[in-house]
Every structure is written in structure tokens, then in C-alpha cells.
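Here the structure comes first, spelled out in C-alpha cells, and everything after it is commentary.
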Amino acid sequence: MNQILSFDKRVCEIVSRIPFGQVATYGQIAELMGSYGSARQVGWSLRRLPISSEVPWHRVVNAKGHISMNPNREGSDWMQREMLIEEGIPVDASCTVPLKEYRWRPVDSNWLIDN
DNA sequence: AGAATGACGCTGA
DNA sequence: TTCAGCGCCATTC
């Protein structure tokens, strides 16, 4: 039934459940949506997502806890760093987040499955 | 329909 | 432990 929803739609659903002050990885999200291995597509979906979106896309980083810096984003990656700091996450000068402490744990969160 | 792209991840050296 | 290479898989051309 989740399959009826488009890929990016599911990405939005998962990302929207990331608690404030915590972060998740692309692979983690892909796994949660039942598509382990499609971590790249998660980033692909977030890419077409508008900055003004309600989805906290800034809480998504790669497995190394590092913000993906890409030219086509034209600085939105640096904005992501600022937004994370706003939430109290100590982002390193090289845009690295201490996943060890701030990584989102779905099992600990209230997994309000509505789909 | 087939090939290329890419906000990633894992394995091997 | 760190670095480079290959693989995944949905979307786009």
C-alpha cells in the first residue's frame, strides 16, 4: 500500500518524522521506507524539494554524518548547516554532525504509522 | 525502451 | 584507520 505513494512522497513522510534536534541518514530513511539501497534516491527526492517545504530536509545527512556539498545546490548545503545549528546540533566547521549522539532512533520514537 | 545521472553506502586495499 | 572503487535504484533524457 505504501507503493501507491510516489517515492518522494514517502521520503517526505519519513523525513517529517525526524524529531527536532536530531538527524537521520539517507540510507536510514531508505531502509525505513522499505527500499534499502536506494539512499541516493532519497537525496534525489530531497533535491527537487523546495526550501520552503514543511519537510525538515536539513536533518538528513549522509552515513558519515557529513552534509553533502554539491555545486548544483548553490549553497543550500551551507544553509542546511545553519539550520542544524539553530536546532542545537553542534555542526563541525567541516559540516560534520556527531551522528553518534544526534542520530535519530525510530525505535525510540513514537512511530505513528498511518500509512 | 535504453542509457545516463546522482543531496549515498558498503567493501576491499 | 583512511582512501578509492563498485554497486543500488528511482528518476530523467
Side-chain angles (χ1 to χ4, degrees):
Chain A
M1 359 220 129
N2 298 8
Q3 285 72 6
I4 63 176
L5 299 174
S6 61
F7 194 90
D8 64 336
K9 179 65 178 179
R10 281 182 287 171
V11 173
C12 293
E13 291 296 320
I14 301 296
V15 176
S16 298
R17 296 189 175 95
I18 301 176
F20 181 92
Q22 289 188 307
V23 296
T25 66
Y26 295 98
Q28 185 177 1
I29 294 172
E31 186 178 10
L32 287 174
M33 59 194 297
S35 296
Y36 178 79
S38 20
R40 311 194 74 170
Q41 281 55 249
V42 176
W44 202 283
S45 296
L46 294 179
R47 179 191 178 199
R48 54 178 290 175
L49 209 62
I51 304 299
S52 58
S53 176
E54 299 296 333
V55 181
W57 53 269
H58 56 278
R59 294 175 190 162
V60 184
V61 296
N62 60 25
K64 295 180 294 300
H66 186 266
I67 299 175
S68 299
M69 309 290 284
N70 264 39
N72 62 34
R73 297 181 63 178
E74 296 192 357
S76 68
D77 40 24
W78 287 99
M79 186 180 74
Q80 177 177 3
R81 173 175 171 278
E82 295 299 323
M83 294 177 76
L84 288 175
I85 295 176
E86 288 293 324
E87 297 192 358
I89 300 176
V91 183
D92 188 79
S94 55
C95 297
T96 303
V97 179
L99 277 179
K100 193 174 182 179
E101 301 179 18
Y102 293 87
R103 190 182 193 193
W104 175 39
R105 296 182 177 179
V107 61
D108 294 343
S109 303
N110 293 337
W111 183 244
L112 304 179
I113 302 177
D114 51 84
N115 47 36

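Quick note on labels: first sequence line is chain A, next is B, and so on, each numbered from 1. Any value given below was found using the heavy atoms of this structure, including those in side chains, with hydrogens, waters and symmetry copies removed.
- Atom-to-atom, CD of A:Gln28 to C1' of B:dC10 comes out at 16 Å; the value is rounded to the nearest Å.
- Judged by distance alone, the side chain of A:Arg17 and the main-chain N or O of A:Glu13 form a donor-acceptor pair under 3.5 Å.
- What separates CZ of A:Arg47 from P of C:dA10 is a distance of 18 Å, to the nearest Å.
- Side chain of A:Phe7, nearest nucleotide from B:dC10, C:dA10, B:dG6: C:dA10.
- Residue A:Ser35 has no polar side-chain atom (N or O) positioned under 4.0 Å from OP1 or OP2 of C:dC9.
- At the heavy-atom level, A:Tyr26 lies under 4.0 Å from base atoms of the strands shown.
- Atom CD in A:Gln80 sits roughly 14 Å away from atom C1' in B:dC8 (whole-Å rounding).
- Distance from the side chain of A:Gln41 is smallest to C:dA10 among B:dT5, B:dG9, C:dA10.
- Here the P atom of nucleotide C:dC8 and the CD1 atom of A:Ile29 are 22 Å apart, to the nearest Å.
- Whole-Å rounding puts the A:Leu32 CG to B:dG9 P distance at 13 Å.
- Atom CG in A:Leu46 sits 9.0 Å away from atom CD in A:Gln80 (nearest 0.5 Å).
- The separation between A:His66 atom NE2 and C:dC3 atom P is 12 Å, rounded to whole Å.
- Taking every side-chain heavy atom of A:Arg48 into account, C:dT12 is the closest of C:dC9, C:dT12, C:dA10.
- Across the interface with DNA chain C, nearest-nucleotide mapping of A:Arg40 and A:Asp8 shows A:Arg40 to be the residue nearer the 5′ end.
- We find that NZ of A:Lys9 is positioned 18 Å from C1' of C:dA10, with the value rounded to whole Å.
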